[in-house]
Amino acid sequence: QVQLVESGGGSAQPGGSLRLTCAVSQRIYGVYCMGWFRQGPGKEREKVATIDSRGSRTFEDSVKGRFAILQDTDKNLLYLQMNSLKYEDRAMYYCAAGTGGTCREVGLSYWGQGTQVTVSS
């Protein structure tokens, strides 16, 4: 079975940076979209950033200009570079992927277990 494993979470100060990594255990044949989602305390899970098979990227409005999504296809790695972190970015961050021709959360069938990000001074 394909496994996605997130790492790189931890604690950062406001204005600081973190890079999250998603390691994919094996090639996902026919993958259309990969992305990062997060769930903060008392909140619904939301999209952070996605990248589709053509390299088209989307970002949640609050992270535009601060976060970047990158991939290393040779190493089966997906990254989320988070800069200028805010307290509001605190959440459990999840890596996800799908083959169904959509980047909608409900259409992604492969999910990691998450990595925790905290932001505090």
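The structure presented is a predicted model; accordingly, all values stated were derived computationally and were not measured.
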**OP:** Let me see the working for Thr115 and Ser7 under side chain to side chain donor-acceptor pair (under 3.5 Å), right down to the final yes or no.
**Re:** CA-CA 6 Å; Thr115 185; Ser7 62; over 6 Å; no

**OP:** Carefully, step by step, assess Ile69 and Met34 under the rule side chain to side chain contact (heavy atoms under 4.5 Å, CB included).
**Re:** CA-CA 10 Å; Ile69 185 168; Met34 298 189 70; 5.9 Å; no

Subject >> CA sep, side-chain torsions, deciding dist, call: Arg104, Thr50, side chain to side chain contact (heavy atoms under 4.5 Å, CB included) >> reply: CA-CA 9 Å; Arg104 295 179 62 196; Thr50 63; over 6 Å; no

**OP:** Please step through side chain to side chain contact (heavy atoms under 4.5 Å, CB included) for the pair Val5 and Gln113, ending with a clear verdict.
**Re:** CA-CA 7 Å; Val5 180; Gln113 294 298 306; over 6 Å; no

Subject >> Check against side chain to side chain contact (heavy atoms under 4.5 Å, CB included), Gln71 and Ile51 >> reply: CA-CA 9 Å; Gln71 61 185 172; Ile51 181 168; 3.6 Å; yes

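Of all non-hydrogen atoms in Ser121 and Pro14, the two that sit nearest each other are N-CD, 3.9 Å. Counting all heavy atoms, side chain and backbone alike, Val119 lies closest to Tyr87 at O-CD1, 3.1 Å. Nearest approach of Leu18 to Gly8, heavy atoms of both residues: CD2-O, 4.1 Å. Residues Asp52 and Arg54 share a closest heavy-atom pair of OD1-N, 2.9 Å. In this structure, Ala91 and Arg38 approach most closely via the heavy-atom pair CB-CB, 3.8 Å. For Val63 against Val48, the heavy-atom pair with the smallest separation is CG2-O, 3.7 Å.
A heavy-atom distance below 4.5 Å is not found between the side chains of Gln3 and Val24. Residues Asp89 and Met82 fail the side-chain proximity criterion, which asks for heavy atoms closer than 4.5 Å. Leu4 places none of its side-chain heavy atoms less than 4.5 Å from the side chain of Leu78. In this structure the side chain of Trp111 reaches within 4.5 angstrom of the side chain of Glu105, judged on heavy atoms. Between Leu70 and Gln81, some side-chain heavy-atom pair lies under the 4.5 Å cut-off. The side-chain heavy atoms of Tyr93 and Leu80, taken from C-beta on, include a pair separated by under 4.5 Å. Residues Gln13 and Ser120 are not in side-chain contact: their nearest non-hydrogen atoms beyond the backbone lie 4.5 Å or more apart. By the 4.5 Å heavy-atom criterion applied to side chains, Phe37 and Leu108 are counted as neighbours.
Using a distance-only test at 3.5 Å, with no hydrogens or angles considered, no donor-acceptor pair links the side chain of Glu60 to the main chain of Glu46. The main-chain N or O of Gly114 is found under 3.5 Å from a side-chain atom of Glu6 such that the two form a donor-acceptor pair. Side chain of Arg90 to backbone of Lys86: no donor-acceptor contact under 3.5 angstrom is found. Looking at Gln39, its side chain does come within 3.5 Å of a backbone N or O of Lys43 through a donor-acceptor pair.
Within the model, atoms OG of Ser17 and CG of Asn83 stand 3.5 Å from one another, a figure rounded to the nearest 0.5 Å. In this structure, Ile28 CD1 and Thr99 OG1 are separated by 8.5 Å, a value rounded to the nearest 0.5 Å. To the nearest 0.5 angstrom, Ser25 atom OG is 9.5 Å from Tyr110 atom OH.
A cation-pi arrangement is not found for Arg57 relative to Trp36, the charged atom failing to lie both closer than 6.0 Å to the ring centre and inside a 45° cone about the ring normal.
Note on Tyr32: it does not cluster hydrophobically with Tyr94, by side-chain heavy-atom contacts below 4.5 Å among ILVMFWY residues.
Side-chain polar atoms of Arg19 and Tyr79 form no donor-acceptor pair below 3.5 angstrom.
Around CD of Gln26, the count of heavy atoms belonging to other residues, nucleotides or ligands within 6.0 Å exceeds 12.
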